[in-house]
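Step one of this worksheet: look at the structure below.
Below, chains carry the letters A, B, ... as their sequence lines are ordered, and counting in each starts from 1.
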Number of protein chains: 2
Amino acid sequence: MYGENAPPSWARLPGARCRAVEHLTKLEGLQEFELLAGLDEGFFQALAIASEVLEIGAGTALYREGEPSGAVYFMGEGRAKLYRSSGGRKARDQILGVVGDGSVLGLASALEGKPQSQGATALTDCVLYAVFRDDLVHLMASYPETSLRLARVLAARTRELEDLVGDLVFHSAPQRVARMLLDLATEEGRVTKRGVVFHPSLSRQEMAEATGISREALSRTLSRLAQEGILDLGGGKTVTILKPAELRART
Amino acid sequence: MYGENAPPSWARLPGARCRAVEHLTKLEGLQEFELLAGLDEGFFQALAIASEVLEIGAGTALYREGEPSGAVYFMGEGRAKLYRSSGGRKARDQILGVVGDGSVLGLASALEGKPQSQGATALTDCVLYAVFRDDLVHLMASYPETSLRLARVLAARTRELEDLVGDLVFHSAPQRVARMLLDLATEEGRVTKRGVVFHPSLSRQEMAEATGISREALSRTLSRLAQEGILDLGGGKTVTILKPAELRART
DNA sequence: GACGGTATTTGATCCAGGTCACACACGACT
DNA sequence: AGTCGTGTGTGACCTGGATCAAATACCGTC
């Protein structure tokens with residue numbers, strides 16, 4: 001589907017535009033990553049040189065499944081979903097994870113030097129630092145500590161994927177929905193006297209894809225929870241978890 | 001379930017015994033790993049010092065889920081299954097992968113320094129090289145190329161787990177069974193005039209756990225395939241794939 | 001406010017696969 | 001040989017969630 005030498009997808013993103021933020025230089029932005037905290041000054045210099053700041057609007061695809069992997073992306077600001085598509089005619093998607101500030105995207109495929117095994121799409125406007133594959137490998141060789149940290153990132157991703165598999169196989173749809181809501185809430189929620197309130201960054205369709213069920217089934221499950229007084233699906237797209245404990249019990 | 005300071009499980013394995021193989025020293029065994037090919041002589045010296053040869057019998061658990069991670073294991077000979085258990089009363093298992101010679105086990109948990117996120121059990125008699133966690137990290141720091149290689153191992157594991165998720169979500173049970181059979185056959189099969197013959201290292205129960213379905217459903221699916229002349233479930237536990245192409249078409 | 005397009009809800013139906021129950025096959029031990 | 005125990009095959013049933021179909025809510029635009 002994509003030629004071996006196709007340009008990196010972000011180069012042709014409609015949402016991509018030059019970054020024009022004065023209060024934060026590229027170097028300073030990179031130094032904010034907890035993942036890289038404590039590494040050499042020289043490392044950051046080299047990383048700043050090797051990287052590009054990238055700003056994309058909500059909804060734009062960072063990279064797609066099958067596309068050649070040209071770079072890894074450090075997420076400075078924003079949220080994105082990682083997903084896989086079924087090859088078939090009626091292409092369903094499965095969301096593998098939703099990542100936020102401080103995460104690394106596309107690392108596995110970049111290290112393997114294989115095409116992207118997943119797609120990534122911005123859920124909100126994002127600020128990213130792109131590091132090209134060869135530069136990354138070179139940096140890892142020059143600054144050994146970096147390799148170790150990135151290996152740990154991959155280890156964590158491995159665990160998350162195992163959790164996902166376990167969730168899909170062992171738990172029923174309502175249980176998975178409950179967990180998904182709790183996960184979203186801890187990332188995006190604000191605690192009030194009524195409960196935890198949030199504007200989900202995921203549409204119903206995407207929530208369904210994250211839980212591995214159909215959109216209709218998700219809708220029904222949410223309605224049921226609302227009916228039982230555990231959730232409040234307030235007017236303007238807001239979701240309020242009225243009884244977090246009740247919800248947790250359904251996991 | 002396991003105390004923080006429990007001894008590593010292999011120390012109390014009934015199947016564990018001293019290795020008494022003359023024709024192969026520990027050093028030579030380690031140098032056979034493709035994963036480590038081309039690394040410094042010094043590295044292998046250090047690795048040999050830091051590692052223990054371990055021989056376990058078929059069916060013994062190498063480590064269990066939740067157990068503290070003390071070491072990584074390089075699989076020299078044999079096959080093992082990696083799995084997750086559902087916490088519940090009727091503990092179901094899900095097999096995450098079946099690995100053979102040259103694989104690394106328990107790497108992710110060791111790097112994270114967290115308890116094992118999975119269990120590992122020998123399917124056949126195995127020869128393993130155990131490297132303790134701290135030694136591994138030290139080696140990775142001293143020999144940067146090692147970190148890169150291990151990071152690539154984790155990247156590959158990540159892709160495999162994504163594949164598993166996709167398989168579970170997108171494909172039906174018969175499709176997953178077909179793929180499982182083909183995977184097993186390529187690993188363990190021998191091509192004959194009748195088709196691909198093999199003694200599965202997995203029991204029916206385990207095949208079911210690998211495909212994420214019930215034992216009964218697996219049994220039925222196999223019978224169906226046999227009825228259709230695609231498979232021959234010969235007397236003595238052998239499986240023969242009579243029509244590999246037909247089977248592949250069912251994926 | 002009317003209109004067209006998209007996202008979501010709700011209802012009705014169907015079936016893949018889980019679960020239960022039991023029969024059978026095989027090996028190990030006495 | 002008998003008899004456990006463990007693995008496996010098969011039938012009968014039932015349900016969770018997919019799928020199809022249609023109604024409704026929600027936008028932005030004119």
Side-chain angles (χ1 to χ4, degrees), chain A residues 57-59 81 86 88-95 121 123 167-181 199-228 231-239 250, chain B residues 58-59 81 86 88-95 121 123 167-181 199-228 231-239 250-251:
Chain A
K81 61 172 176 177
S86 76
R89 179 56 49 193
K90 46 177 187 327
R92 284 200 302 147
D93 281 359
Q94 169 66 36
I95 290 185
T121 296
L123 293 170
D167 221 29
L168 288 171
V169 173
F170 298 137
H171 301 313
S172 66
Q175 290 175 314
R176 302 205 299 269
V177 170
R179 176 182 299 280
M180 183 264 297
L181 286 172
H199 287 255
S201 63
L202 300 177
S203 67
R204 298 301 152 102
Q205 176 68 52
E206 287 168 327
M207 287 187 193
E209 289 166 4
T211 39
I213 61 180
S214 69
R215 189 176 41 79
E216 293 94 322
L218 177 96
S219 189
R220 268 184 257 274
T221 308
L222 288 185
S223 302
R224 162 101 46 114
L225 287 171
Q227 212 168 353
E228 301 184 48
L231 239 54
D232 180 9
L233 306 174
K237 287 186 225 155
T238 52
V239 176
R250 310 244 170 162
Chain B
K81 61 171 177 178
S86 76
R89 180 55 50 193
K90 48 176 187 325
R92 282 202 301 148
D93 281 359
Q94 169 67 36
I95 291 186
T121 295
L123 294 170
D167 222 30
L168 288 171
V169 172
F170 298 137
H171 301 315
S172 66
Q175 290 174 315
R176 302 204 300 270
V177 170
R179 176 184 299 281
M180 182 265 296
L181 286 173
H199 288 257
S201 64
L202 300 177
S203 67
R204 298 302 153 102
Q205 176 67 52
E206 288 168 326
M207 288 186 194
E209 288 167 5
T211 39
I213 61 180
S214 68
R215 188 184 49 78
E216 293 94 324
L218 176 97
S219 190
R220 269 185 256 274
T221 307
L222 288 186
S223 300
R224 164 97 50 110
L225 287 172
Q227 212 167 354
E228 301 183 48
L231 238 56
D232 180 10
L233 306 173
K237 286 184 223 154
T238 53
V239 176
R250 310 243 170 163
T251 301

Exercise. Would you mind reading off the distance between H199(A) atom NE2 and dC26(D) atom P, rounded to a whole angstrom?
Key: 14 Å

Self-check item: Value in whole Å for how far the P atom of dA18(D) lies from CG of L168(B)
Solution: 14 Å

Quiz item: Within a strict 4.5 Å, meaning less than it, do heavy atoms of the T211(B) and L168(B) side chains meet?
Solution: no

Quiz item: Do Q94(B) and E209(B) have side chains that get closer than 4.5 Å, going by heavy atoms?
Solution: no

Quiz item: Taking only residues two or more places apart in sequence or in another chain, which ones pass side chain to side chain donor-acceptor pair (under 3.5 Å) with R179(B)?
Solution: D167(B)

Quiz item: Can a salt bridge be assigned to the pair K81(B) and E206(B) using a cut-off of 4.0 Å between side-chain N and carboxylate O?
Solution: yes

Quiz item: When all nucleic acid strands are considered with a 4.0 Å heavy-atom cut-off, which category describes E216(B): base, sugar-phosphate, or nothing?
Solution: base

Quiz item: Nearest-Å distance, CG (L218(B)) to P (dG9(D))?
Solution: 8 Å

Quiz prompt | Donor-acceptor pair (no angle test) under 3.5 Å: R220(B) side chain, dT19(C) base | solution = yes

Quiz item: What integer distance in Å separates R204(B):CZ from dG7(D):C1'?
Solution: 10 Å

Quiz item: Do the side-chain N or O atoms of K237(A) get closer than 4.0 angstrom to the phosphate oxygens (OP1, OP2) of dA7(C)?
Solution: no

Quiz item: Does dT10(D) have OP1 or OP2 sitting under 4.0 Å from an N or O in the side chain of S219(B)?
Solution: no

Exercise. Rounded to the nearest angstrom, tell me the gap between atom CG in L222(A) and atom P in dG17(D).
Key: 14 Å

Quiz prompt | A173(B) side-chain proximity, nearest of dG17(C), dG18(C), dT8(D) | solution = dG17(C)

Quiz prompt | Nearest-nucleotide pick for A217(B), side chain only, options being dG18(C), dT10(C), dT8(C) | solution = dG18(C)

Quiz item: Roughly, in whole Å, what's the span from CZ in F170(A) to P in dG17(C)?
Solution: 18 Å

Exercise. Nearest whole angstrom, please: distance from the P of dT9(C) to the CD of Q227(A).
Key: 13 Å

Exercise. Kindly indicate, with the supporting measurements, whether the criterion side-chain contact (heavy atoms from CB on, under 4.5 Å) is fulfilled by E228(A) and R250(A).
Key: CA-CA 12 Å; E228(A) 301 184 48; R250(A) 310 244 170 162; 2.7 Å; yes

Quiz item: Rounded to whole angstrom units, what separation is found between the CZ atom of R215(A) and the C1' atom of dC20(D)?
Solution: 12 Å

